[in-house]
**Q** 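Have a look at the structure that comes next, please.
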Amino acid sequence: MDKKQPEKIKCKNCNKEIDPDEFLINFNICPNCGYHGYVGAMKRIQITSDEGSFNEMAQDLNSVDFLNFYDLKSYSSRLTEARLKSGLNEAIVVGDARINGFRTSLGVMDFSFMGGSMGSVVGEKIKILADYSIANKLPLIIFCASGGARMQEGIISLMQMAKTVSCINRLRENKIPYICLITNPTTGGVSASFATVADIIISEPGTLFCFAGPRVVEQTIKKAVPPDFGSAERNLRNGQVDMIVERKDIKDILARLLKLFKN
Amino acid sequence: MDKKQPEKIKCKNCNKEIDPDEFLINFNICPNCGYHGYVGAMKRIQITSDEGSFNEMAQDLNSVDFLNFYDLKSYSSRLTEARLKSGLNEAIVVGDARINGFRTSLGVMDFSFMGGSMGSVVGEKIKILADYSIANKLPLIIFCASGGARMQEGIISLMQMAKTVSCINRLRENKIPYICLITNPTTGGVSASFATVADIIISEPGTLFCFAGPRVVEQTIKKAVPPDFGSAERNLRNGQVDMIVERKDIKDILARLLKLFKN
Amino acid sequence: MDLNEIKEIPKNYFKETLRSFFKLEKLKRISHFSGVHFNDAEKELAKKIENYKKVEKEAIKTWKIVELSRNENRPHTPDYISNIFEDFIELSGDRQTAEDKSITAGLGKINGATVAVIGHNKGKDIKERVEFNFGMSMPQGYRKSQRVMQLAGRFGFPIITFIDTPGAYAALEAEDSGQASAIAKSLLTMFELEVPVIVVLIGEGGSGGALALAIGNYVMMLENSTYSVISPEGCAAILWNDPSGSKLAARALKLTSRSLLHMGVIDRIIFEPLGGAQTDPVRMVRILKRYIVLALDKFKNTDGKQLKEQRAQKFETMGFLAESSQDLFSDK
Amino acid sequence: MDLNEIKEIPKNYFKETLRSFFKLEKLKRISHFSGVHFNDAEKELAKKIENYKKVEKEAIKTWKIVELSRNENRPHTPDYISNIFEDFIELSGDRQTAEDKSITAGLGKINGATVAVIGHNKGKDIKERVEFNFGMSMPQGYRKSQRVMQLAGRFGFPIITFIDTPGAYAALEAEDSGQASAIAKSLLTMFELEVPVIVVLIGEGGSGGALALAIGNYVMMLENSTYSVISPEGCAAILWNDPSGSKLAARALKLTSRSLLHMGVIDRIIFEPLGGAQTDPVRMVRILKRYIVLALDKFKNTDGKQLKEQRAQKFETMGFLAESSQDLFSDK
Ligand SMILES: [Zn+2]
Ligand SMILES: [Zn+2]
């Protein structure tokens, strides 16, 4: 058989070679050092929700280049590229799902779609998901992964921070629980909006979670930031997250929390 | 004439001799360094409220030695001594008053009555005053001066913290403004209860305002506290008080605040 | 109320007792040899000594409770949490500046219903004790607990608190982070709650730091736990310099469950296994669980507004005072 | 919307323009000497150059506004406060860990009614600017403003905010005190308010730090103020390395009052005296006062719940998107 073996890959953290099959089976976690590698929205949904239970919503919403934003490329071409690269039509996938039998509204961001940046579509999908939660009295669960606001939508991307927080405010008024999962990385406009107003905030180990990224902070304070800057462990110590949970245990902890909230 | 001149007194802060008449006229403020000396409840009422406007309430409430608390002296004898020394029957005087024409509920603590400590009577008088505020829709103003809870009433003195905060909670529900004046010293059970849940907190300059006093803290941390420990200035920097106002300006600022709250 | 006759205790209590004793012996000797009798003086001194002895005995008895309340082998908050509640999940952080491990907070189930559980945590070994600051909380701890209480309030979860602290942390950094304000806000938050709040004093109930989590619709106290406005040591330091001072202060402060029930500060004493909770922690936990279930049942059908009102009523009526219309200063 | 034809800007924009220009000249020369004509190529290049020039012109125009918005002589929050409101009293502190002077908050009167006023404060001279951290707030600043907003909400006082910040402070201590959480909570608090909230962008409206105080029922913008998701410099640093990048980024971000009104992000532009607010601050203040009074009047008879709903509605409908039922990956 001349069928090619998949290429060996290297861990971004410990730099050791990993067997790609093992990496894949192990939820993209380095079997050597436990580093939690990138995992896309679809895989995340697969490992978090009950098999076949996810029903995607609002998949037909697409971003438009309403500012004619030029960059090295136009926003339109970036969107096309991102769609092809990620296999998604935007940086978040939302839908109805079951987690160990508990029905929820589930939103999962994907960093591979333009760095998980939040533009009009991400905001609108979160609104649709929150409205769905309220209408069906379903707990809301969102996995964050984002570099922040989507610059290419200018001020409108900033307004998505307000928009999403307003949705969460209505969720709170309706006494719907909201659990937020912080995955690597979660920064900027997402961390300063819907991510941090959750009832429960759970972080994956080693996740960068901050408002301003380390390089921006270094530029401001003119010195190096500590090596654990923005890390899950530092955030736990600083009171920013409720707990750090390994990827393999997230489904279980979610199910346990859902059981508690389903009083 | 052989009528005696009042004895010269020394400023507790700058140690300079002060003319007692000048000190008295100057609201017990050192004319040399501006140190705000002790001022009793009755004098405080006089300099804060419009002449003749104060009508005392609940002056017939007296503390009882329900624990038979022995000390170097019994609580009962301490109470008698405090009454004679202060000319008051408890560590707070409460009543209805006008401040530049604005009608208010006014409570003034007096440090000379057993260190302004809070026992059952202080708690009850604050309750009566708060109830009066609610019934008559009058803003509540309290001048604090207290070493904390009254040990001689044991656990019941601790319960006065709960009691007074509950009264303030009802005041808040009734949307009655509450302004608290922090005077020297305000510590312990008073600072950790009704004093710090005020809408507006004003401190006199140089006032010690803290939970645990400097000596207690020094015992805990086994080193000297900074010279400005618990000072009004440090508290302003640490976000604990809204403003520092000199004694002579307090009536004016209260009137201005009352005007703002009388919408 | 358990009154005692002695009202004034001299500065150096034990020396004074001894002096009285010798004085009595001397009087007795004089009357024996001289035939002159000092009956009144003798009687007075004998009574004084008797009272001193009674006070001493009471003080020692109270002190034993103080020691029991601090016994390291007593079950602590984590022991109660893990054995009383199912599916407990701990929540961390004040979402502002810190996670304070001296307070444990989280959600769990009891008898099928979700509740929030919050309690002081002194730590189980030296390492934990240091990490948890011996159960003395920073303002951040009280802010975390407020966050969890508000969350419970929003979702209608009853709240159970376990009190076990020497007191709020008295340190510069605590003061600079608003310790007074944090405790006061904690009280305010608890008065705002529209869910049942069940408080259990399980060990040391030290001052404002204990009260901050203790505004309950129903307050229970383990037999050998204490609850006091000031530690006996702190009280003695102010009153006497005698090494026996702490014991006397403990007695004077009436900090035991019996005295507190008597004064109406607590609603129920939960009796401990003979010798104290530490002799049979498993049984202690089992007993407490029953009482918590009973307490929760009490408020099952009470609506939020009523719960809030009952709590306000309960604490606003605490106090002993006398009303007299006589003018204390009539001769002035 | 003000669309432009160029969609793709090469990395080194000015060099590229120059190169196109030379290429065009060369084509012209060749056709002149050879008689061979390159009409299509010539036309394309000419159009490209024309577009580049247009973009450049627009960028320079926008940049002037960016500079105006940052002009130190512009009236700042304290100038508006002291000249628009009577009886203003400043309130300080978050009641937790700090007083952040980069945000000024307090109560005052306008047209006889009490309002809360909250605004970024960049400081009027070097000393103040350093003390106020150039208007870049710490989490404590947003917590103070939340406290004052909640106070206003409780007493029914309308809230007026002045936005003027380069952005929230990006420093280690800010991160460690929960900058992200503080901004998010500020947004949440503003959505909870049941009083009218009037927002005025008076200078620099930088990112999340600006938005944190900008959830208004009515949002007004001074003609030469800006409001952007990222500073032009920050944007250019990401997009180009060309020194002219900031100007191009400013244009691309559409951060001017005209663009924002066009996009429905703001409700009104308040025109400034000729040359900018700094040329006649007295008049600027007078004009703004009128608009604030008008804005407050608008919501005079709206009840609390409606105000909250209107605010939610306003911000939840912001966004531009397309719905398509075509499967983007049909060929996969
Ligand atoms: Zn690895
Ligand atoms: Zn002096």
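The figures that follow rest on heavy atoms only: side chains count, while hydrogens, waters and symmetry mates do not. It should be emphasised that the depicted structure is a prediction, and the values quoted were computed from it without experimental measurement. The sequence lines fix the lettering, A, B, ..., with proteins before strands; numbering per chain opens at 1.
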**Q** Which region of S186(D), side chain (C-beta onward) or backbone (N, CA, C, O), has a non-hydrogen atom less than 4.5 Å from a non-hydrogen atom of chain A, or is it both or neither?
**A** neither

**Q** Nearest 0.5 Å please: distance from the CG atom of N238(A) over to the OG atom of S177(D).
**A** 7.5 Å

**Q** Heavy atoms only, distances under 4.5 angstrom: which of S157(A), C167(A), P214(A), G213(A) has the most pairs with chain D? Name it, please.
**A** C167(A)

**Q** With a 4.5 angstrom heavy-atom cut-off, which part of R237(A) approaches chain D: side chain, backbone, both or neither?
**A** neither

**Q** Is any side-chain heavy atom of M159(A) closer than 4.5 Å to a side-chain heavy atom of L211(D)?
**A** yes

**Q** Taking atom CD of E323(D) and atom CD of E124(A), what is their separation to the nearest 0.5 Å?
**A** 8.5 Å

**Q** Report the option among G319(D), A180(D), G205(D), A214(D) that has the most heavy-atom pairs separated by less than 4.5 Å from atoms of chain A.
**A** A180(D)

**Q** Below 4.5 Å from any heavy atom of chain A, which atoms of L187(D) appear? Answer side chain, backbone, both or neither.
**A** both

**Q** So what's closer than 4.5 Å to chain A heavy atoms on S228(D): side chain, backbone, both or neither?
**A** backbone

**Q** Which bit of L188(D) is near chain A, if near means a heavy-atom gap under 4.5 Å: side chain, backbone, both or neither?
**A** both

**Q** Contact part of K314(D) toward chain A, heavy-atom cut-off under 4.5 Å: side chain, backbone, both or neither?
**A** neither

**Q** Below 4.5 Å, heavy atoms only, C-beta onward: do P226(A) and L172(D) meet side chain to side chain?
**A** yes

**Q** At a heavy-atom separation under 4.5 Å, does I156(A) approach chain D through its side chain, its backbone, both, or neither?
**A** side chain

**Q** Side chain of E192(D), backbone of N169(A): donor and acceptor closer than 3.5 Å?
**A** no

**Q** Determine, for K163(A) against E316(D), whether the closest basic-nitrogen to carboxylate-oxygen distance falls under 4.0 angstrom.
**A** no

**Q** Within a 6.0 Å radius of atom CD on Q313(D), are there more than 12 heavy atoms belonging to other residues, nucleotides or ligands?
**A** no

**Q** So which heavy atom on T196(A) is nearest to which on A184(D), and how close?
**A** OG1-CB, 3.0 Å

**Q** Supply the atom-to-atom distance I183(D) CD1 to M161(A) CE, rounded to the nearest 0.5 angstrom.
**A** 6.0 Å

**Q** Determine whether E173(D) and I221(A) make a side-chain contact, defined as any pair of heavy atoms from C-beta on separated by less than 4.5 Å.
**A** no

**Q** Flag the pair M151(A) / I238(D) as yes when at least one side-chain heavy-atom distance between them is below 4.5 Å, and no otherwise.
**A** yes

**Q** Do the side chains of M263(D) and F66(A) get nearer than 4.5 Å, heavy atoms only?
**A** yes

**Q** Under a 4.5 Å heavy-atom cutoff, which of E218(A), Q240(A), E153(A) has the most pairs with chain D?
**A** Q240(A)

**Q** Between V216(A), V64(A), I168(A), I155(A), which has the largest tally of heavy atom pairs under 4.5 Å with chain D?
**A** I155(A)

**Q** Using a 3.5 Å distance criterion without hydrogens, assess whether the side chain of E175(D) forms a donor-acceptor pair with backbone atoms of V217(A).
**A** no

**Q** Do other residues, nucleotides or ligands put more than 12 heavy atoms under 6.0 Å from the CZ atom of R258(D)?
**A** no

**Q** If you round to the nearest 0.5 Å, how far is CD of E309(D) from OG of S166(A)?
**A** 10.5 Å

**Q** Apply side chain to side chain contact (heavy atoms under 4.5 Å, CB included) to R150(A) and V229(D), showing your working.
**A** CA-CA 8 Å; R150(A) 187 168 298 168; V229(D) 67; over 6 Å; no

**Q** When only heavy atoms count and the cut-off is under 4.5 Å, which of residues 174-193 of chain A reach chain D?
**A** S191(A), A192(A), S193(A)

**Q** Using every non-hydrogen atom in the two residues, find where A168(D) and F211(A) come nearest and quote the distance to one decimal.
**A** CB-CE2, 3.8 Å

**Q** Report the distance from atom CZ of F69(A) to atom CG of L253(D), rounding to the nearest 0.5 Å.
**A** 5.0 Å

**Q** With a 4.5 angstrom heavy-atom cut-off, is it the side chain or the backbone of R234(A) that approaches chain D, or both, or neither?
**A** side chain

**Q** Can you check whether F320(D)'s main-chain N or O pairs, donor with acceptor, with S120(A)'s side chain at less than 3.5 Å?
**A** yes

